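A quick write-up on the structure given underneath.
Below, chain A is the first sequence line, B the second, and so on; all start at residue 1. It should be emphasised that the depicted structure is a prediction, and the values quoted were computed from it without experimental measurement.
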Amino acid sequence: MTSRSRYVIPLLLLAAAASIVLPLVHPVNGYLLNLFMQAATYAMAVLGLTVVLGYAGQISIAQAGFFGLGAYGVAIGTTVLHLPFFIGLALGVLVAGLLGAVLGASTLKLGGHYLAMVTISFQQILTLVLTNWISLTRGPDGIRNIPRPSLFGVSLEDSDRYLGLCLLVLYAVGVFVWWLKGTKLGLGMQAVRDNELAAEVVGVDTYRVKVTAFCLSALLGGLGGGLFAGGFGYISPDQFSFNESVVLLTMVLLGGADAAVGSVVGTALLILLPEWLRFLRGAYLAVYGLAVILIMVFMPTGLWGMLSRLGGPPRLRERGVPDVLTLGDPDAAAGGLLLEIKGLAKHFGGLKALDGVDISVERGKVHALIGPNGSGKTTMLNVLSGIYRPTRGEVLVDGVKVSGLAPHELAAAGVGRTFQNIRLFLSLTVLENVVIGAQRPHNSAAQTPDQVQRRAMAALDFVGMAARADLKVASLPYGHQRLVEIARALAGNPTLLLLDEPAAGLNLTEKQELVGLLKRLAGHGLTLFLIDHDMNLVEQMADRITVLNFGKRIAEGAPADVLRHPDVIAAYLGEVPDDAAA
Amino acid sequence: MAIFLQLLFTGIGIGAVYSLVALGFVLIYRATNVVNFAQGEFAMLGAYAMVVLTQDLGLPYWAAIPISLAVMGLIGALFNLGVYYPLRHRSFLPVVISTIGASILLTNSVLVGYGPAPESLAGMFDFPGIQIGEVFLDSQYLLIIVVTILLVAFQYFFFEHTLLGKKMQATSQDKEMASLLGIPVARMIMLTFIYSAILGGLAGILVAPILFVSVGLGSQVALKAFAASIIGGFGDVTGAIVGGLSLGVIETFGAAYISVPYKDAFAFLVLFGFLLIRPQGIFGEKVAQKA
Amino acid sequence: MPLLELHGLSAAYGAVEALKGLSLHVGEGEIVALLGSNGAGKSTTLRTISGLMKPKSGRVLFDGKDIGGLHPESVVRLGVAHVPEGRRVFPGLTVKENIMLGASNRPGVSRRELEAGVEEMFELFPDIRRFSGALGWTLSGGQQQMVAVARGLMSKPRLLLLDEPSLGLAPLIVQQVFRIIARIRERGTTVLLVEQNARTALSVADRGYVLETGRLIIEGKPDALWNNEEVRAAYLGGRVTAGV
């Protein structure tokens, strides 16, 4: 916790308590109460968007639809089915959540534009259904006389009391969404948003995380809608149209999509703003549209994002002495083969990037894969980490076939990796990046959240970056980003670590430090499979070397032998084009 | 049989409009990798431009059409400068949101000026149409079909047989490389927006006498057109045309034989079906998304 | 006066500095090789010269004019052609169309001149003539490389920037490509060549520069660089032969 937030949180709590108590003791006029009620219920739906858009980076333009489902749940539940209010509310929330899950599950594999369009379509269909299924929804006339509940024998019929309930729920939702951000699920969402491929490779089941985010967002939308119905007593289809979805979207963007507080601020502003901007009359939606464009161009992080940047750089937290990192698998001493690659082929159309390669890597050894650029090395690593499906052949880790698994499943099986062009979660801190690595499924070294934090710090300490844990990873120089990426992989306690050109872009000193680090890793018995062009490094590190050229293995053996092999010299350095020589 | 043919004719006519808007989608998508969610608003604006010119200013049809299209070109240019260009280096999400913002802005600006009541626009021809046996070919529908065929032919010629067309294709395939060759990428993108806006505007002008001119015209047509381009295979020109025509036909038959109030839902049901079973569409490569 | 001069050139990708005050020069008619490991800043140097990246500081002088920060479209109009890494042949256009578009920097060039230019390129690269009507993506790596170079030459450049022309090519094809590079110089075009494959590059170059993390380490004649054990071992992946 930074010292800044030490003041912010009590202040927020105070404001929250005051907002609930004040209307009870000091009468507020009905019009203002209505505005607050609208703001409070809308804010819940907007918090849903914080989860799906802000955290997970997935666009949804159907939030008013889910809001409407919750509202109609309460309205139909209480007035048609004569259920108690809270059962109706639960019904609405459930239906919203279910539809959200179905919609998300069917389109989130595609993502991007498809999701945007499908949510818009859903929104339109829902409006059609609400308008035309007259026997259930009473069509365009809407439903009147929706009752308010009582809670623990206290009637909430009074508007100021009901508002109290809404605010209480809103604050609970707000705290939940704020808390979610730091949880395993929340970090997984942000990882998906920042770099979906890297998220998969460190063990985040990106599809499941996206569907969960979408579903949660729908649930919160439904909750807000349900309370909205009780608050106003009357609902009709046009209150949940595409336009309202847009309003909700504007709210979340204005406030700052990835902060719970920002969403509430954004909502409050846009509900109160039209009151101040009454002179605009019908034009207020046009102004919203303009605002969306202007926010995107000039204020992409929203109001809250701008405010938090004013607070200056993050202060570093004092942490105790980090644990010593435990590494390598206990069977390392037993020897045997950890990684077996058999007849592996990967074709892209007519291009044979890998063409029947066999490699065996012994447990606890360092195995290097070398070859000219374009010889298939990175393709090999991408197959090994599940990013590509092999065209032919198979890969065994510890005797278990892993080829064909998704990257997150491979991560769960203990295969970690780094990328040649470093892939970090750039909007997160150094520690958060590494924590996401430590959270990989089946990480025996870190099972509880506390262990995860300790594991992450231990991994950072191992690579010498513990002092920079609280910095934004994007602010680090290149060499340090590389170390953080290695720490992220180590935090997951892999049995096999794949390193894609770890020395690329490092200078001589940094390279020597890297060699030292890798030697310490090898000393712990961790099995390393690495690609690099720096023969110096490869020769110092590797127990065995495999040479690829044009997707085929052309040599394998101990470094001293392989590097003197005439075929290797020819392939690696290229033939000297005699007649072209000046 | 006569009813079948009659419905088929109507379906193709309305489908041709979806195709034109879908073409606009696809062209902008290929040039910028961004889906322009305001594409339908171009159709709406084109229709309103005709209303202003013919009814408020009393211009004859033949004069109003070129002026409307010129205005649309200008709007396309402004759209590029205001909505896309400042965000061109950012990821797809901000750009998509920005085009959604533009769509809201355009719709509601017109709403402020003209109110929610729909305007009606007369058809282009005085004669109602041709009777062939039991099938009546409405003149406006015939016009839509003919103009669509001409436009598709023009577009084919332009992209396949002119150097400018090739430069625009190169821009859509690899912007950085195109700029290295000296192709003015910014200008190519500008041209794409101008052309797409004109295409959208033309669709609006053609469909206006059939559908009434209202601010909802844009989103109504755009959603169908987008569904059409996904069904055809996103980013594929042939796919956009085939998808648009099929959607028009499906919708017309659905309304005739199943349900009128839910007419607008059929397009989305077909879309969901495709997303679940064949997300790459009829002609698409198996590349789900680029973003 | 050298054709190209870089003075204290710096460039960065976000917070990551890729070039840190690089200075070098290329004389008219020379072939100069930029060497170093992946990530040393070789490609960034070319990208900054051709305008794909804006320099953070420093100057790029071409024929005495500062072209640093100009748009790529303007740079190529001045006579600098950049054939980037990975060839970047337009996949959906034919070979002939690809090559033709290379002349986009010359305004008002007639269709006839274009056809003549393409014909000239097919004479220089006879192997790709028969693919004239084939779409770019259907070609092999070597053929694509030739299309990419031909496309670059269509702009009639005074300076050709070549990024890793040997990438992913078989040795025989690499030889062919480098023979063409030598021929390009004979036609009067200056070449600045980025190569990971140091030995091949040095075999055609007049001079070489070795980069590391965006800085210049050493400059010299090919022999001097290659025979410097330390340089070869540290930067040119030279361990392989050092032990022989």
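No more than 12 heavy-atom neighbours from other residues, nucleotides or ligands sit within 6.0 angstrom of CZ on B/Arg187. Within 6.0 Å of NE2 in C/His7 there are more than 12 heavy atoms belonging to other residues, nucleotides or ligands. In the displayed structure, B/Lys175 atom NZ is contacted under 6.0 Å by more than 12 heavy atoms of other residues, nucleotides or ligands. Atom OH of B/Tyr156 has 12 or fewer heavy atoms from other residues, nucleotides or ligands within 6.0 Å. A 6.0 Å sphere centred on CZ of C/Arg59 holds no more than 12 heavy atoms belonging to other residues, nucleotides or ligands.
Both the backbone and the side chain of C/Arg88 come within contact range of chain B, judged by heavy atoms closer than 4.5 Å. Heavy atoms closer than 4.5 Å to chain B are found in the side chain of C/Leu52, but not in its backbone.
Interatomic distance, B/Lys166 NZ to C/Leu101 CG, rounded to the nearest 0.5 Å: 8.5 Å. For the atom pair B/Leu163 CG and C/Glu97 CD, the distance stands at 9.5 Å (nearest 0.5 Å). Distance check, rounded to the nearest 0.5 Å: CD1 of B/Ile183 to OG of C/Ser104 gives 4.0 Å. Between the CE atom of B/Met177 and the CZ atom of C/Phe90 there is a distance of 6.0 Å, given to the nearest 0.5 Å. Between the CG atom in B/Leu180 and the OG atom in C/Ser50 there is a gap of 5.0 Å [rounded to 0.5 Å].
Heavy atoms only, all atoms of each residue included: C/Val76 and B/Ser179 are closest at CG1-O, 4.4 Å.
With salt bridges taken as basic N to acidic carboxylate O contacts below 4.0 Å, one links B/Glu176 and C/Arg47.
Put simply, of C/Gly102, C/Gly92, C/Ser155, the one with the most heavy-atom pairs under 4.5 Å next to chain B is C/Gly92.
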